[in-house]
Amino acid sequence: MVQTISARQALTADGWRENVTVAIDASGAISAIADGTAEADHQAGILLPALSNVHSHSFQRAMAGLAEKRGDNAHDDFWTWREVMYRFLELLTPDDVEAIAAQVQMEMLEAGYAAQAEFHYLHHAPGGQRYDRIDELSARHIETARQTGIGYTHLPVLYMQGGLDGRALEGGQLRFGCDIHRFEELFAAIRSGWAGCPTDFTLGVAPHSLRAVSRSGLDAAIALAPDGPIQIHAAEQVGEVREVQEALGARPIEWLLANMPIDERWCFIHATQMEPAECDALAKSKAVAGLCPITEANLGDGIFDAARFLGAGGRIGIGSDSNVRIALSEELRMLEVSQRLRDKRRVVLTSDGVRSNGRNLYEKAAAGGAQAIGRNAGRIEVGALADLTALDDSHQTLAALSGDTILDSWIFAYDDSLVSDVWSAGRHTVSDGRHPQHDQISERFKNTMIRLRNAL
Ligand SMILES: [Zn+2]
């Protein structure tokens, strides 16, 4: 037994329990959950299973707020945002990437996430030049995760072409680009260093989207990680659905379900544009829908039909994607209120057994998120990783509350400053609401931002 955490209330796999002590063993897993709170190493008010953040492009945190002016296009949309991103990409150095990744991981931890999956597609130098070490930028992310202590899943992305017609990449996209052989070399380089990583780190793979990979590329990418998690962007934008439909004769989700071996290892990011039949079929597939409500709202993607999807037994995880804001409770709130605004009703996303909106969303995102990033976590149970988030029960928002109302109040009535502590596979990564390297990471990030903003 390495350490113990006592809590006045804890949301365990068996429901809420009062005055319990959770023991964590040397591997970072929960080894016991006992009644009583005597003499624990740490005291928590409210202890929750921590969420995993299923989808992030860390470098985009640096352009947050810089793409909110309307361009020449009267209907400014996703594609003009992407133009700003490409200009930004000309500037980023490996040191910048590292400084931004550290800030992102720290913000995620302080928001209450214990783990992150990085959908990593910034592989090369400007113009597509390879770095001396082909996995230079992957290595920066992985090393940063070791430093911050976040639970980490690395998803190297195969990005081959500019569209389904096979057109070549250009401009900022060249930094993403790999043909299959270059990608296999990159993947092998990442895997060769994997043995030195903490045991809770996971390596998966991510074919970027049906737009950006060929059919043979899709098969080759999946073959590289036969046991790891698989992610793909699917059905985010109406324009993308149309392009896939014209080229492949089916909508993206429909095509993937019909042509790929979809199972628990898969996570479809966004899945915003689905017909009801696709929604029901995806729910039955056991794959996770990786939802990024803040980014999807910011980019004007549309509203995911979570009411139908969860009603059909679908599994969800939450990601912060563009990282325009990193805010766990706000992601869940945005997901629910988008349904309310569309359907003109309240308290939409509940289930038969759980009438609390906050608890239903939180537990589904905890379980689905862990599944999506290949992590044995998302529940407080013996044998699961000790990915734990503690909330401050002395705060006026939570004082005198118990059980499910705690989650309803955090998600709908306050923000992530209620997070007091986070453990990632037992690593104590946040205490008193702060990461231990908060000041150094923030200062480095600020200096990086000053240089980049002056150069844009
Ligand atoms: Zn994305």
Side-chain angles (χ1 to χ4, degrees), residues 52-64 67 77-86 88-89 92 97 100-101 104-105 107-108 113 115-123 137-138 141 152-160 162-163 169 172-173 175-177 204-213 218 221 229-241 243-244 252-253 256 266-274 287-302 304 316-327 331 334-335 365 368-369 372-373:
S52 300
N53 187 316
V54 303
H55 187 71
S56 155
H57 314 293
S58 289
F59 75 88
Q60 292 176 11
R61 179 81 186 108
M63 55 173 282
D77 58 14
F78 171 82
W79 308 102
T80 49
W81 173 87
R82 212 171 66 155
E83 287 308 310
V84 175
M85 179 180 76
Y86 287 158
F88 196 79
L89 278 169
L92 289 173
V97 167
I100 298 163
V104 165
Q105 291 174 12
E107 289 188 33
M108 287 182 183
Y113 295 108
Q116 175 212 8
E118 178 72 11
F119 190 100
H120 176 70
Y121 62 110
L122 181 56
H123 297 307
L137 296 181
S138 281
H141 277 278
Y152 188 71
T153 292
H154 194 61
L155 302 170
V157 173
L158 175 61
Y159 197 114
M160 305 171 72
L169 301 177
Q173 293 174 325
R175 298 195 70 174
F176 312 150
V205 73
H208 179 275
S209 59
L210 292 178
R211 275 184 291 120
V213 297
L218 193 51
I230 303 167
Q231 263 191 27
I232 187 166
H233 289 128
E236 178 180 12
Q237 295 278 329
V238 174
E240 171 208 344
V241 172
E243 193 184 343
V244 170
I253 303 284
L256 284 162
W266 285 74
C267 179
F268 288 10
I269 300 302
H270 305 304
T272 315
Q273 315 297 337
M274 289 196 290
V288 172
L291 310 177
C292 310
I294 294 175
T295 292
E296 288 152 11
N298 185 275
L299 294 178
D301 287 348
F304 176 82
I316 58 166
I318 295 294
S320 53
D321 196 11
S322 71
N323 296 308
V324 65
R325 276 178 55 68
I326 296 173
E331 296 281 9
M334 182 75 76
L335 176 58
I373 76 166

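We count residues from 1, following the sequence as given. Side chains included, hydrogens not; waters and symmetry mates left out as well; all remaining heavy atoms used. All ligand and atom numbering here is 1-based and tracks the order in the structure.
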In total, how many protein N/O/S atoms does one find closer than 2.8 Å to the Zn ion (ligand 1)? 4

H57-H120 aromatic ring centre distance below 6.0 Å: no

Taking side-chain hydrogen bond (donor to acceptor under 3.5 Å, both in side chains) as the test, write out the residues that go with H123, two or more places apart. none

Looking at H154 versus Y152, is the centre-to-centre ring distance below 6.0 Å? yes

Gap separating the CD1 atom of I318 from the CD1 atom of I316, nearest 0.5 angstrom: 5.0 Å

Scanning both residues in full, the closest heavy-atom pair of V205 with L155 reads N-CD2, 3.7 Å

Output field: ring centroids H233/F119 closer than 6.0 Å: yes

